[in-house]
Structures are given as C-alpha cells and as structure tokens.
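Have a look at the structure below, then the notes.
Each chain gets a letter, A, B and so on, in the order the sequences are listed, and its residues count up from 1.
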Amino acid sequence: MNMIDFNDEFQKLSYRHSTSHIMAQAVKRLWPETKLAIGPAIEDGFYYDFDHEGTFTKEDLEKIEAEMKKIVKEHFPIERFELPRDEARKQMVEMNEPYKVELIDDLPADAVISFYRQGEFTDLCAGPHIENTGELRAYKLTQVAGAYWRGNEKNKMLQRIYGTSFPDKDQLKAYLDRIEEAKKRDHNKLGRELGYFTTVDYIGQGLPIMLPRGAKVLQTLIRFVEDEEERRGYLLTKTPFMAKSDLYKISGHWYHYRDGMFLLGDPNAVSKEGQPVNESEIYALRPMTCPFQYQAYLAENRSYRDLPLRYAETSTLFRNESSGEMHGLIRLRQFTISEGHLMCTPEQLTEEFKRCLDLASFMLDAVGLNDDVSYRFSKWDPNNKDKYVGSAEEWEAVQDTMRGILDELGLTYTEAEGEAAFYGPKFDIQIKNVWGKEDTLITIQIDFQQGKQFGMEYTDRDGIKKNPYVIHRTSIGCYERTLALLIEKYAGALPLWMAAEQARILPISDKHVDQAFAVRDQLRSQGLRVEVDDRDEKIGKKIRQAQMEKVQYMLVMGDKEVDEGTLAVRSRHDGELGALPIEDVIARLLDEVKRRVKHFS
RNA sequence: GCCGAUGUGGCUCAGGGGUAGAGCAAUUCACUCGUAAUGAAUAGGUCGUGAGUUCGAUUCUCACCAUCGGCUCCA
C-alpha cells in the first residue's frame, strides 16, 4: 500500500476527495433515501452536499464517522470506469440520483463520463482518488451547513457536511489544535474583550460601536493614511453621505445596486392624489463615494494639464447587506473606507495604476500585512451581461489593459470571473481571516464607463474634449476590516505606533500615584498615549493585567524611580529592561513609533 | 435572504415548570506592597424581546431580534 505524501498536492486532493466519497457512502448506508450532489476536496479538507430530509445533527455526524470506520476496515478497492453518456444517464436515473443526472446533462458533448466504485457505492466523479478505502487513516467531520445546489440561491438548499482528513492521527490533531489556536485570535472575540468595539441589539446588525480603544486605533490609521496620500499628490474631498436618486441614476447604482442601498423615502409610495411619488425626492445613503467625487471633478472645466487628478476621502459608506452577511468588523452595514478616485488620460492610466499599487503595498507593509495577501484579477461574467454597464467590446478591452499592467508588473494573481464591479474590472488584494475565510482588503478598479456617463471631460492638447479614465482605489481598504485583520495578525498586541494605549504607568503603592500622574502628563506632552493604573493593587496584579490587555510598555514607579527620576521599564515583547531616565524612555518609545516597529506574536 | 447552532448580572459559565447561582470585573474597607492574581465586605440579573400553553414560565411552544458557523452576496 502506498504511503500518502501530503507535500504532493495531487495525492492530498485524491486522499481528501476519497474521504468525501467514503463519507457519502456512509451517509447512503445510514439514510438510503438521501440524494447525492457534489463532494470535492477543498483547501483544508473536503465537503459533500446532500439532499437530505431534515438536517444532520452532531449525533448524526458521529454515526457517519462510525460508519466510515467500517468502510475503511472493509478495504474496498476504488475502481474507475467510464460509460457512454446515455448509459451513464440511464444508470443515474435508475439509481434515483437526480442531481447526478443534471450534472451529466450539463457535461459538454465530448466529455468523458467517469464513475468511481467502492463496494456497493458508485458515484459519478471525475476523480482523482486513492486506490483503496483502507488507506484512509485519520479524518474528522467538522461541521454541517446549508449550501445552495450549484451555488444558486434560487435552487434548493442542500445539507453540506464539511470534514478533513490527514495521513495520520498526529497530523489531524495538529491541524485541529492549530484551528483552535487561530480562533483565540478571532478579532470578534479579542476585539470585544480588549474593548475595541461592542454591538448593541437595538442599534442593529452590522453597526458596531467603536469604543475609545478601537476608535483611537482607527483615528491613528486614518491620520497615517491621509498624511501619506497628501504626500503622494492626493487632494482631499468631503462629500455628503446621501444624495437624491437622480445621482445614482447617472452612476447606474439605481439600476445595478439598488438592493444594496438604504433608501430614505419610499419609492413605491403614492401621493394623496394617487400620483406615484417623484423619485427625485427619494434619497439614498451612499454605498460608494464615486459619484460624489465626480461632482468635484465636474465643478470646473478641466484641461489635460489638470490630469491626473487624484481625489481622496476618508469616506463613510452604507450598504444594506442582507442579514446573514454581517461578521464582526469584517462585514458591516456602515463602514469607513480610504476612498479615492483618479481621473487621468488613457496615456496616464498605466502609471497611475502602478502608483495605486505602490501606495497599497506601502500601506500593507506599514501595518505588517504584506506577507499575508494574495492577488485577484476580478473580471466580468460575459454570460450575465445585465449585471454590468457597457458593451462586451469595452469590457474585453479594459480587461486586456488591466491584465497587461498586471503582467508588466510581474504579479502573480488568480483570475475570477463574475467578481468585477458593475462598472469595470477590479484588481483585488485578498486576505484570509483566522477562520480561513478570504475577503478583499484592498481593491483598485479601472472604470471606463462613468467618465462618459457623468459627462466628465477634459480638453486635450488638440483642443478636443475627451472623457478621462477613472481609477477607483483604496489605499488601506476599509478601516474596520483592516483593524479586524490587524487584531488577528497581532493577537491584539498592535504595534506601538498604532496602539491605543502605548504605555501604562504602574505605581508601586499609593505614595507614588501623584508622581505617576505627573510623569504621565510629561509623556503625553510628547504625543505618547499613556495611562496610569492607580488602583490599590499589588504590582504583580497590575503587570498581569497590563500584559493581558496587550499594553506594549509597562512603566513601574516606586520609591527608587521617584527619587531618581527614572522608570522601571517592562516591555511586553522584550521583558524587563531595567530603570531608565524618563527622557530615555520617551526617546525609546518615540523612536519605536517613528520606525513603526512590528512584533508578531 | 437561506440552512444550522446559540442567547442567564460588564465578562466567562452553572442551573432548571414554583419568580436564580459561581468565578473574574466593579464599589468600599484593611494592608503600603518591587515585575503575571493580597484579604474581607457590598452592590449588581423582570434569565434577548413579544405572544401562547399552564394555577404558575427564565425553564415548554411559536414569532421576532441579536450573535456565531456556512451558502448566496460583497470592501
């Protein structure tokens, strides 16, 4: 029997794919009336979708695992065979597997239709698989979830069972332990424990309260971003949080993004005379800043000499996400984005796009997330043209342009069909949270539509008026989401420069409290964020608490320090540093802030 | 929006058809303390909200709200 080598991606996939089949076989044994959908290997394991009466309970999962154990012991060879389309279809109809029949019907005419058989269980499947069910060593069914057939919400919701498998028990345990460890960093847990944010039932979903600590971190990040953008030639705008529907009709939001907007006023209302309400009187909270910044562009006649024109705004956005979507600080209904739009000539497009990438990269490096991201080129879905503005030719052309820039920069990226914005393709910088779920952190988009739609023009050298290209971009993404990922990255112990509380002074006894406040004020006057723990507690307890609250510097003050004008410095990262003159402590902290030192834990 | 789980003092959790308990946190007092929890006392909850069943509901039923995991959507 072959030893499975998990360094070999093919073997790993085969192994987990086969685990999924063994699970399906167990389910069919226990509940023969259950219908099979699909069951692939995924990044950290596998799943199988079933059409099953009711739902699977925890106890059911245990039963399934027990049955899987039997199937492993039975050492079934896993055999592949092929059938012509009509026979394959006939067999699936006979086996009463409607989802498999549908899959076969949708296979291209020239497709080879293969099956895999292990014991009494046969499944339509392209493979690959391991050779024998007896090779399976360590597996665990992790959770049940609903999932739409073929990922379409109009279809029936199936029952999905997730699981994972490894070549041996130790690796499985190591994996499960790692997941448990990762979850301890969950920003949604840590962020609340550490007092960054809270939520309140009667405010509503996706609307967190940023508490002073969280608000301070956000403010620090915002100042940092705004200063850097100013250095890079951005002009600040401040635009309204809402506008009449007229604006969104020009941008297309009214037609393509209406479900995502909070409307003020009822578009279906009728007047006393029975007249439909004038839609101009319907306002909407802004889901994006673009149409507002275009109005800033339109405020003057533009010349090619004005371009590129770079607008930036720390922008509060409102999106009416459906109720099941909200997650901690990652998905919200109101959030703050480092928004920006660049208007440029076609010749400037490549250079400006690169500058946006450079800015994003600078930001990610500054906060320490640069090594954790991946790139995605998000294209339109040519089979779903109604979702988008513009012609197929325009889409293909602008996507070619974007791909050209990405390739010129030598970036490694995946291509994702159907992930574009309705007005243009996106370059997305993706990141995973502690649950392994991927989200967009930063996005840079090329828009070839809205310049025309809003009548944005510039007079070129030749005296002809032309439409500028627009780049939508964010420099650090959505601040709340970025904060969430930073909390997870640093397990709550944020780098000194962005920490809400940079140092805490710990007086040994109440004799030292007055002096502690004086020193606090001295440090504060240098721009450091410092608090005093003046509670009537022992020093050990104060240290323990500061440590648990992830304060980077603990400054102990007793008789000796008061007499000598020093502070006994304890760094969260480096431990005890001994007594230092207050001036030296200030210099050390300011230097660490200036250099934006990062300690990962 | 859909599938599933969950909802008990600020936090972590126990309990259970006869109107609730622990630890931490908070407050007060004593100790005046040297690098990860000093001791004692006090206060704090209409058990997410609303309806129903019942003599009686926090406990059972239903609806709604919120939180968590997934699907769909998305920064």
What integer number of Å spans the [atom1] atoms of [N] and [M]?
| N | M | atom1 | result |
| --- | --- | --- | --- |
| B:C62 | B:U6 | P | 13 Å |
| B:C71 | B:U28 | P | 50 Å |
| B:C2 | B:C64 | P | 9 Å |
| B:U19 | B:U38 | C1' | 38 Å |
| B:G45 | B:G7 | C1' | 14 Å |
| B:U46 | B:G50 | P | 11 Å |
| B:A41 | B:A25 | P | 15 Å |

In this structure, how many angstroms lie between the [atom2] atom of [N] and the [atom1] atom of [X], rounded?
| X | N | atom1 | atom2 | value |
| --- | --- | --- | --- | --- |
| A:Arg331 | B:C68 | CZ | P | 13 Å |
| A:Trp435 | B:C68 | CH2 | P | 10 Å |
| A:Tyr162 | B:G4 | OH | C1' | 12 Å |

Across the strands shown, which category fits [X] at heavy-atom distances under 4.0 angstrom: base, sugar-phosphate, nothing?
| X | answer |
| --- | --- |
| A:Gln205 | sugar-phosphate |
| A:Ile330 | base |
| A:Lys538 | base |
| A:Gln159 | sugar-phosphate |
| A:Glu561 | base |
| A:Arg535 | sugar-phosphate |
| A:Gly540 | sugar-phosphate |
| A:Gly151 | sugar-phosphate |
| A:Glu325 | base |

query = Could one point to a donor on the side chain of A:Tyr148 or the base of B:G1 with an acceptor on the other under 3.5 Å away?
reply = yes
query = Is any N or O donor-acceptor pair between the side chain of A:Gln545 and the base of B:A25 shorter than 3.5 Å?
reply =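 Per atom types, no contact qualifies.
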For [N], does either OP1 or OP2 sit under 4.0 Å from a side-chain N or O belonging to [X]?
| X | N | answer |
| --- | --- | --- |
| A:Lys189 | B:U67 | no |
| A:Tyr47 | B:G69 | no |
| A:Lys541 | B:A25 | yes |

Of the listed nucleotides ([options]), which one gets closest to any side-chain atom of [X]?
| X | options | answer |
| --- | --- | --- |
| A:Ala568 | B:C73, B:G34, B:U72 | B:G34 |
| A:Ile508 | B:U67, B:C33, B:C71 | B:C33 |
| A:Asp201 | B:A25, B:G70, B:A66 | B:A66 |
| A:Thr55 | B:G69, B:A75, B:C3 | B:C3 |
| A:Ser322 | B:A37, B:G1, B:C33 | B:G1 |
| A:Asp439 | B:C74, B:U67, B:G69 | B:C74 |
| A:Lys437 | B:G70, B:C74, B:G7 | B:G70 |
| A:Ser509 | B:U32, B:C3, B:G70 | B:U32 |

[Y] and [X] side chains, donor-acceptor separation under 3.5 Å:
| X | Y | result |
| --- | --- | --- |
| A:Ser475 | A:Arg232 | no |
| A:Gln430 | A:Ser374 | no |
| A:Ser378 | A:Glu419 | no |

inquiry  = Which residue in the set A:Glu193, A:Glu501, A:Glu531 passes salt bridge (Lys or Arg N to Asp or Glu O under 4.0 Å) when paired with A:Arg213?
reply    = A:Glu501
